[in-house]
Amino acid sequence: MFPRGGTGCVGGAVPTIPGIVLSMERLDRIIEVDKENLMVVAEAGATLEKMLKEVEEADLLFPPHPGDEGAQLGGLVVCNAGGTRAVKYGVVRNYVKGLEVVMPTGEIVTMGGKLLKNNTGLDLMHLMIDSEGILGIVTKVIFRLYPCFAASATLIVSFDDRHSAIKAVPKILQTGVIPLALEYVERDVIQISADHLGKRWPAEKGMAHLIVIVTGSNEDDVYSQAATVIKVCEGLNAVDTLMADTREEQANILKIRSELYPALKPQVADVLDMAVPPAEIANFLDVLDDISQKYQTRIITYGHAGDGNIHPHIPLELYERGVLNDVKHDIYVEAARMGGTITAEHGVGKIRKAELPLCLDDKSLELMQGIRKLFDPNDILNPGTALP
Ligand SMILES: Cc1cc2nc3c(=O)[nH]c(=O)nc-3n(C[C@H](O)[C@H](O)[C@H](O)COP(=O)(O)OP(=O)(O)OC[C@H]3O[C@@H](n4cnc5c(N)ncnc54)[C@H](O)[C@@H]3O)c2cc1C
């Protein structure tokens, strides 16, 4: 049985053997936005877009923002989705307070509740989070909410070279300013997304950009954080800074960034999702250049630089040349060598299983298989997903 929302990037919900695809889309009620406890209770097939609408109407904030609002709440939980805002607010795991789960054996189990602290027994709820749908079917979620931030600004800081841009990332974080988002993009790449949308990318100088979103309790707070960021970047030879403070300008920048993957998709065979220690990103990008050179191609790369999470896009032509798996393997090996991981937020799904031993030892894999067997003794839920 394969529960399915449909926006995952690693084939998790794709049935590869005969079975039942379980569409969750009609289980889509937002049951309650609880303003007293700052929580939302919803059915797991509701989309992120639907939940955000109701949460925002209540003047509250669900901080994580993975790029596709068509993802369902159950999918977000079992993939522990991340996205651009994880730098300041962390990933979906930090917001899950309760779950209702249908076990593969048919029992319904309630985990957690409207609680901020809970040490009762082993934490099954956190095992469900990031389980990629192999331990149970999530049918209801309780997420923690926050009051909206009062003010925000979006900076595009431009650099003539990638190293200066990437070097600025840990330096910004070391000042104590924790941006809402801290993204790395290259100008010719983000231009593809702007063209795809028929919009204008506002930054015209430099080849590498940092998109930095700062939020705060008032405008002075935001401007002071922005000034700190700009000072760090100017010290590292930033050639230009553009600050958007109106809602429309900021939304325009975020929209162009969010549509990058759909704009590139027709030319892409796979989007990788590695995390390396944040201070290693520049080295990792150099390694990607070496691998690009080895295979005579360009591996477009951008990502959530503030989290050390980079998305190398493997061009379709490498698949056509029959070297796709070799290129991917080279990249995985280098990420692991730097103390990184083969997936930071998209998960293992069906297509990253072979590489798991690069990051996990035999005992860890054995323990994970044992847990899976305990939850799903008949191996009926998402067979072939997440674990070898
Ligand atoms: C344009 C685009 C941008 C994206 N940006 C981001 C990003 O910034 N950050 C990020 O982390 N991800 C991102 N993603 C990936 C994707 O949106 C997330 O992985 C999301 O969490 C998947 O949710 P889904 O409901 O679509 O799940 P699906 O793709 O349907 O399923 C994913 C896995 O979860 C299982 N599953 C689904 N629903 C349930 C359930 N109710 N109970 C148990 N198992 C279930 C499936 O069987 C499958 O194994 C992006 C995807 C796209 C297309």
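On a predicted model such as this, the values are computed, not experimentally measured, just so you know. When a ligand or atom number is given, it counts from 1 through the structure's own listing order. We use all heavy atoms of the structure for the numbers below, so side chains are in, but hydrogens, waters and symmetry mates are not.
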For this session: Scan side-chain atoms only and decide if Asp221 and Gln225 contain a donor-acceptor pair under the 3.5 Å cut-off.
Result: yes

Seminar exercise, completed: salt bridge (Lys or Arg N to Asp or Glu O under 4.0 Å) pairs touching residues 99-118, sequence neighbours excluded, are Glu32-Lys114, Asp34-Lys114, Glu100-Lys140

Exercise. Applying salt bridge (Lys or Arg N to Asp or Glu O under 4.0 Å), which residue pairs with at least one partner in residues 368-388 are found, sequence neighbours left out?
Worked result: Arg372-Asp379

Please give the N or O to N or O pairs under 3.5 Å between ligand 1 and the protein, distances rounded to 0.1 Å.
residue	atom	partner	partner atom	Å
ligand 1	5 (N)	Gly67	N	3.0
ligand 1	8 (O)	Gly67	N	3.0
ligand 1	9 (N)	Gly83	N	3.4
ligand 1	9 (N)	Glu345	OE1	3.4
ligand 1	9 (N)	Glu345	OE2	3.2
ligand 1	11 (O)	Gly82	N	2.8
ligand 1	17 (O)	Thr7	OG1	2.7
ligand 1	21 (O)	Gly75	O	3.2
ligand 1	25 (O)	Gln72	N	2.9
ligand 1	26 (O)	Gly6	N	3.1
ligand 1	26 (O)	Thr7	N	2.6
ligand 1	26 (O)	Thr7	OG1	2.7
ligand 1	29 (O)	Thr7	N	3.4
ligand 1	29 (O)	Gly8	N	2.7
ligand 1	30 (O)	Gly5	N	2.4
ligand 1	30 (O)	Gly6	N	2.5
ligand 1	41 (N)	Val138	O	3.0
ligand 1	42 (N)	Val138	N	2.9
ligand 1	47 (O)	Pro3	O	2.6
ligand 1	47 (O)	Asn382	ND2	2.8
ligand 1	49 (O)	Gly12	O	3.4
ligand 1	49 (O)	Glu132	O	3.1

Exercise. What salt bridge (Lys or Arg N to Asp or Glu O under 4.0 Å) pairs are there with at least one residue in residues 252-281, not counting sequence neighbours?
Worked result: Glu183-Arg257, Lys255-Glu259, Asp270-Lys328, Asp270-Arg352

For this session: Tell me yes or no: between the side chains of Lys350 and Thr16, is some donor less than 3.5 Å from an acceptor?
Result: no

Problem set entry | Asp195-Gln191 side chain donor-acceptor pair, cut-off 3.5 Å | yes

